[in-house]
Amino acid sequence: MSLTSPLLGSPSSDWTDARLLYALEEVVEKELNRHLKVAKDWMPHEYVPWSDARNFPGLFEDGEPWEKQQSKVSEIGRIALVVNLLTEDNLPSYHHEIATLFGRDGAWGTWVHRWTAEEGRHGIVMRDYLLASRAVDPDKLEEFRMSHMGEGFESDNRHSMLHTVAYVAFQELATRVSHRNTGHHSGDPVCDRMLARIATDENLHMIFYRNLLKAAFEFAPDLTMQAVRDVVVNFRMPGHGMPGFERAAAQMAIGEVYNLRIHHDDVLAPVIRFLKIMEIDGLGPEGMKAQEELGLYLGGLDAEARKFDEKLAARKARMAARGKA
């Protein structure tokens, strides 16, 4: 990739968000064109088991109240589906943040709107699936949605375009992994296929931002290294503010939908390895410090994940022993 900028190779002090935004425009256009060539349009309604649907109580005299046993979705699948959908529900806030940071003009603006439109499909198909298949209590789901959206959403990285690019490079992959694992553990092949389709979109979004992050390293390696360090060390999923998130996250960790081991091995490591972040040389003092701190953090996270693995294995052994008793 040929990157042309009068500031290429300039010291970190010369770079501002506005200058990086301008310098990356050419890369955004290239990645947008690549994305549009490989992305496949799909119809949300084609992934929903409409024949399983029936009326809920309300306007309809034949409305049937929701009961848990009406759905084949597993308990961990139900928990993860609600978390994933409530995360998607905050799309208006996400759009506002990236439109503010990236702008609405040129290639950046085209990407912002395209990304928003594609993400919108995910919320549509997930809600339709959950209601048609009666996988969750519809009243509780709506109460959670109103509470979550009523609180609004502010990203930890809203202060910086570069931090936001670094964050979404990891977060889109995290979302993809969460969707795929939710499908695998859902107990319903229809749900698994739907979430596999969503995960394909999320993977393409990750590639877009990962390639943008690669270009940012070429323009401003010290600042980009610091941004990656900050994002990785302080990483939180965008749904962290939803009702009951901590308990749901703990259940998803035990259910092996998303936990420390998955976060380290399947989200952080692939992006860091692909971009060879730990191998970048020629950094200034601040960049080298950030790279070293990133390496120390990853080592500590791996150790914590090892402890979690041991506890999870012990828990499984206890449950297996009880099952045989």
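Everything quoted here is computed from the prediction, not taken from an experiment.
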Atom of [X], atom of [Y] and distance for their closest heavy-atom approach:
X: Tyr167; Y: Val231; value: CA-CG1, 3.5 Å
X: Asn234; Y: Asp156; value: O-OD2, 4.3 Å
X: Gly287; Y: Asp222; value: CA-OD1, 3.2 Å
X: Ser160; Y: Leu101; value: C-CD2, 4.1 Å
X: Ala132; Y: Val48; value: CB-CG1, 3.7 Å
X: Val82; Y: Phe144; value: CG1-CD1, 4.2 Å

With a cut-off of 3.5 Å and sequence neighbours excluded, list every side-chain donor-acceptor pair involving residues 186-196.
residue: Ser186; atom: OG; partner: Gly183; partner atom: O; Å: 2.8
residue: Ser186; atom: OG; partner: Asp188; partner atom: N; Å: 3.2
residue: Ser186; atom: OG; partner: Asp188; partner atom: O; Å: 3.3
residue: Asp188; atom: OD1; partner: Val190; partner atom: N; Å: 3.1
residue: Asp188; atom: OD2; partner: Tyr129; partner atom: OH; Å: 2.5
residue: Asp192; atom: OD1; partner: Arg180; partner atom: NH1; Å: 3.1

One thing to verify: whether [Y] and [X] come together as a salt bridge, which I'm taking to mean a side-chain N less than 4.0 angstrom from a carboxylate O.
X: Lys140; Y: Glu143; answer: no
X: Asp41; Y: Arg121; answer: yes
X: Glu218; Y: Lys214; answer: yes
X: Lys307; Y: Glu310; answer: no
X: Arg34; Y: Glu31; answer: yes
X: Arg261; Y: Glu256; answer: no

Legend entry - Ring centres under 6.0 angstrom apart (Phe208, Trp115):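 No: the rings miss the under 6.0 Å criterion.
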Legend entry - Validation row, ring centre Trp111 to ring centre Phe102 under 6.0 Å: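 Between Trp111 and Phe102, the centre distance exceeds or equals 6.0 Å.
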Going by heavy atoms in the side chains, are [X] and [Y] under 4.5 Å from each other?
X: Arg134; Y: Arg54; result: yes
X: Arg127; Y: Leu85; result: yes
X: Leu204; Y: His35; result: yes

Greater than 12 external heavy atoms within 6.0 Å of [X]'s [atom1]:
X: Met146; atom1: CE; result: no
X: Asp62; atom1: CG; result: yes
X: Glu151; atom1: CD; result: no
X: Glu293; atom1: CD; result: yes

Can you tell me how far [atom2] of [Y] sits from [atom1] of [X], rounded to the nearest 0.5 angstrom?
X: Leu260; Y: Lys311; atom1: CG; atom2: NZ; value: 10.0 Å
X: Met149; Y: Met242; atom1: CE; atom2: CE; value: 11.5 Å
X: Asp137; Y: Arg78; atom1: CG; atom2: CZ; value: 10.0 Å
X: Leu275; Y: Asn211; atom1: CG; atom2: CG; value: 8.0 Å

Inset, instruction - May I ask you to check if Arg210 and Phe274 form a cation-pi contact, with NZ or CZ under 6.0 angstrom from the six-membered ring centre and within 45° of the axis? - result: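 Here Arg210 passes the 6.0 Å and 45° test against Phe274.
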Inset, instruction - Find out if a path of hydrophobic residues (ILVMFWY) with successive side-chain heavy-atom gaps under 4.5 Å connects Ile207 to Val177. - result: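 Ile207 and Val177: one cluster.
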Inset, instruction - Would you check, one step at a time, whether the test side chain to side chain contact (heavy atoms under 4.5 Å, CB included) holds for Arg315 with Met319? - result: CA-CA 6 Å; Arg315 183 179 185 275; Met319 293 182 67; 3.2 Å; yes
Inset, instruction - Let me see the working for Tyr47 and Asp128 under side chain to side chain contact (heavy atoms under 4.5 Å, CB included), right down to the final yes or no. - result: CA-CA 9 Å; Tyr47 287 81; Asp128 286 348; over 6 Å; no
Legend entry - Donor-acceptor pair between Trp42 and Asp201 side chains, under 3.5 angstrom: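 Yes, Asp201 and Trp42 have a side-chain donor paired with an acceptor closer than 3.5 Å.
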Legend entry - Intermediate values then yes/no, side chain to side chain contact (heavy atoms under 4.5 Å, CB included), Met278 and Ile272: CA-CA 7 Å; Met278 303 310 299; Ile272 290 170; 3.9 Å; yes
Legend entry - The single option from His96, His95, Glu97, His148 passing side chain to side chain donor-acceptor pair (under 3.5 Å) against Asn90: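 Testing each of His96, His95, Glu97, His148 against Asn90, the sole residue satisfying side chain to side chain donor-acceptor pair (under 3.5 Å) is His148.
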Inset, instruction - Apply the side chain to side chain donor-acceptor pair (under 3.5 Å) test between Thr175 and each candidate in Glu172, Gln171, His179; give the one that qualifies. - result: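 The single option meeting the side chain to side chain donor-acceptor pair (under 3.5 Å) with Thr175 is Gln171.
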